[in-house]
Amino acid sequence: MTDTHYAEDQANEIEILQSIYPTEFEELSADPHQFSITVPVEEDDVRSCTLCLTVTYTATYPDELPEFTISVLDDEDDDAPPLSDTDATLDTKDIDDLTDQTRTIGEECLGMAMVFSMASNLREIAALRLVAKTIHLKQLREQRIQKEVEAEQAKFIGTPVTRENFLEWKAHFNCETSAIKSDALVGDDKASRRVAKPDDRLTGRQLFEQDKDLAKSDSKYINEGDISVDSKLFDREQDLSDNE
């Protein structure tokens with residue numbers, strides 16, 4: 001194919017692309033032919049995005065692949081809601097994968113106009129990638145929520161009673177109970193030793209009779225002229241009263 005034929009084929013394809021993408025097509029250069037096509041990616045339950053496919057024809061296109069790049073256009077909608085934890089986006093790795101798959105589509109179309117096939121397939125594979133990533137993000141969210149619910153429920157669930165842990169608890173309980181009783185008995189014994197029984201205490205007279213020194217100790221307080229009292233008189237009077 002001559003250079004003239006290549007130029008004609010390229011011009012014809014550009015004209016077709018402009019009719020297919022009246023608002024999405026933008027010519028960037030006439031020599032060599034360079035243009036871009038915006039590719040909106042929209043799918044149910046998926047956050048939409050817009051890709052840009054930039055193509056530069058080579059001298060022998062379409063007998064060889066054109067040079068091309070794929071990029072993600074920034075969302076210029078100020079009213080767009082913020083990203084949620086289930087909104088998937090295309091990262092650098094995704095763009096590299098999309099570029100490889102788009103190149104494969106072009107290689108399958110060598111010798112004929114291929115840009116339309118590249119752009120339309122790019123829309124489809126990008127949508128599939130977003131759907132797969134969105135599903136994965138939703139699964140992660142469900143797993144996270146499930147773990148949070150289980151953790152919250154675990155706060156209100158006690159340890160299941162088994163024979164082994166019951167016997168272990170009972171042994172521990174008996175040990176604590178025995179220690180408490182032992183401490184109580186020791187405390188009671190000490191208290192009983194400290195408190196004398198009323199029946200065991202001696203009367204004043206008994207103390208006086210048992211300890212003759214008490215009488216002697218009081219004699220130093222008797223002044224001259226004081227009358228001494230014989231305690232035997234009280235004993236005699238007590239005997240007379242008893243006989244009456």
Side-chain angles (χ1 to χ4, degrees), residues 16-28 34-56 65-110 113-169 172:
I16 294 172
L17 291 173
Q18 288 174 330
S19 64
I20 296 175
Y21 304 107
T23 58
E24 296 89 348
F25 184 93
E26 180 182 1
E27 187 173 10
L28 303 175
Q34 185 182 54
F35 54 89
S36 65
I37 300 175
T38 56
V39 182
V41 181
E42 298 176 351
E43 193 70 26
D44 293 340
D45 299 328
V46 170
R47 189 181 181 93
S48 62
C49 70
T50 302
L51 301 177
C52 180
L53 174 64
T54 303
V55 178
T56 302
L65 289 176
E67 298 175 0
F68 71 95
T69 60
I70 300 172
S71 60
V72 180
L73 298 179
D74 295 333
D75 192 352
E76 298 179 354
D77 186 3
D78 296 334
D79 297 329
L83 288 173
S84 70
D85 56 353
T86 59
D87 284 335
T89 58
L90 298 174
D91 54 27
T92 302
K93 184 180 182 303
D94 295 323
I95 296 301
D96 291 341
D97 292 343
L98 295 177
T99 300
D100 292 340
Q101 294 181 60
T102 302
R103 182 177 292 107
T104 299
I105 296 298
E107 291 173 348
E108 295 174 354
C109 299
L110 285 175
M114 63 184 75
V115 175
F116 173 74
S117 297
M118 293 170 65
S120 58
N121 278 276
L122 175 60
R123 187 197 308 271
E124 293 178 5
I125 59 180
L128 291 175
R129 177 62 61 93
L130 286 175
V131 169
K133 295 185 71 173
T134 300
I135 292 175
H136 179 64
L137 290 176
K138 289 182 178 180
Q139 291 174 343
L140 292 178
R141 183 183 65 177
E142 292 176 358
Q143 293 174 2
R144 183 174 64 255
I145 293 175
Q146 182 63 26
K147 289 181 179 180
E148 292 175 354
V149 171
E150 292 175 356
E152 191 66 23
Q153 291 177 343
K155 298 178 181 179
F156 305 96
I157 299 177
T159 303
V161 178
T162 63
R163 175 180 173 79
E164 289 75 13
N165 60 27
F166 173 75
L167 293 177
E168 181 181 355
W169 171 85
H172 182 69

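Side chains are part of it too, since the values below use all heavy atoms of this structure and drop only hydrogens, waters and symmetry mates.
In this structure, the side chain of Asp97 does not engage the main chain of Asp94 through any donor-acceptor pair within 3.5 Å. Panel note: side chain Lys133, backbone Leu90; no donor-acceptor pair is recorded below 3.5 Å.
The shortest distance between side-chain heavy atoms of Thr102 and Phe68 falls below 4.5 Å. Contact check for Leu65 versus Glu107: side-chain heavy atoms found under the 4.5 Å cut-off. Within the 4.5 Å cutoff, the side chain of Ile95 has heavy atoms near those of the Leu98 side chain. Taking 4.5 Å as the limit, every side-chain heavy atom of Thr50 sits out of range of all side-chain heavy atoms of Val72. Using a 4.5 Å heavy-atom threshold, the side chains of Ser36 and Leu28 count as touching. Using a 4.5 Å heavy-atom cutoff, the side chains of Gln101 and Thr104 are not in contact. When side chains are defined from C-beta on, Asp45 counts as touching Lys138, because their heavy atoms get closer than 4.5 Å. Counting only heavy atoms from C-beta outward, the side chains of Asp85 and Arg144 approach each other to under 4.5 Å.
From Cys109, atom SG reaches atom CG of Asn121 across 8.0 Å, with rounding to the nearest 0.5 Å. Here the straight-line distance linking atom CZ of Arg47 with atom CD of Glu42 works out to 12.5 Å at 0.5 Å rounding. Taken from CG in Leu53 to CZ in Phe25, the straight-line distance is 10.5 Å, to the nearest 0.5 Å. Here the CG atom belonging to Leu73 is positioned 7.0 Å from the OG1 atom belonging to Thr38, to the nearest 0.5 angstrom. Here the CD-CD distance, from Glu152 to Glu150, works out to 12.0 Å after rounding to the nearest 0.5 Å. Interatomic distance, CZ of Arg129 versus SG of Cys49, reported as 12.0 Å (0.5 Å rounding).
Here the closest non-hydrogen pair linking Tyr21 and Ala119 is OH-CB, 3.6 Å. Heavy-atom minimum distance, Met114 versus Gly106: SD-O, 3.6 Å.
Salt-bridge formation is not detected for the pair Lys93/Asp96: no Lys NZ or Arg NE/NH1/NH2 atom is positioned less than 4.0 Å from an Asp or Glu carboxylate oxygen.
Partner Ile37 forms a side chain to side chain contact (heavy atoms under 4.5 Å, CB included) with one of Ile20, Leu51, Val115 and no other, that one being Val115.
Counted within 6.0 Å of CD on Glu27, heavy atoms from surrounding residues, nucleotides or ligands total more than 12; the atom is thus considered enclosed.
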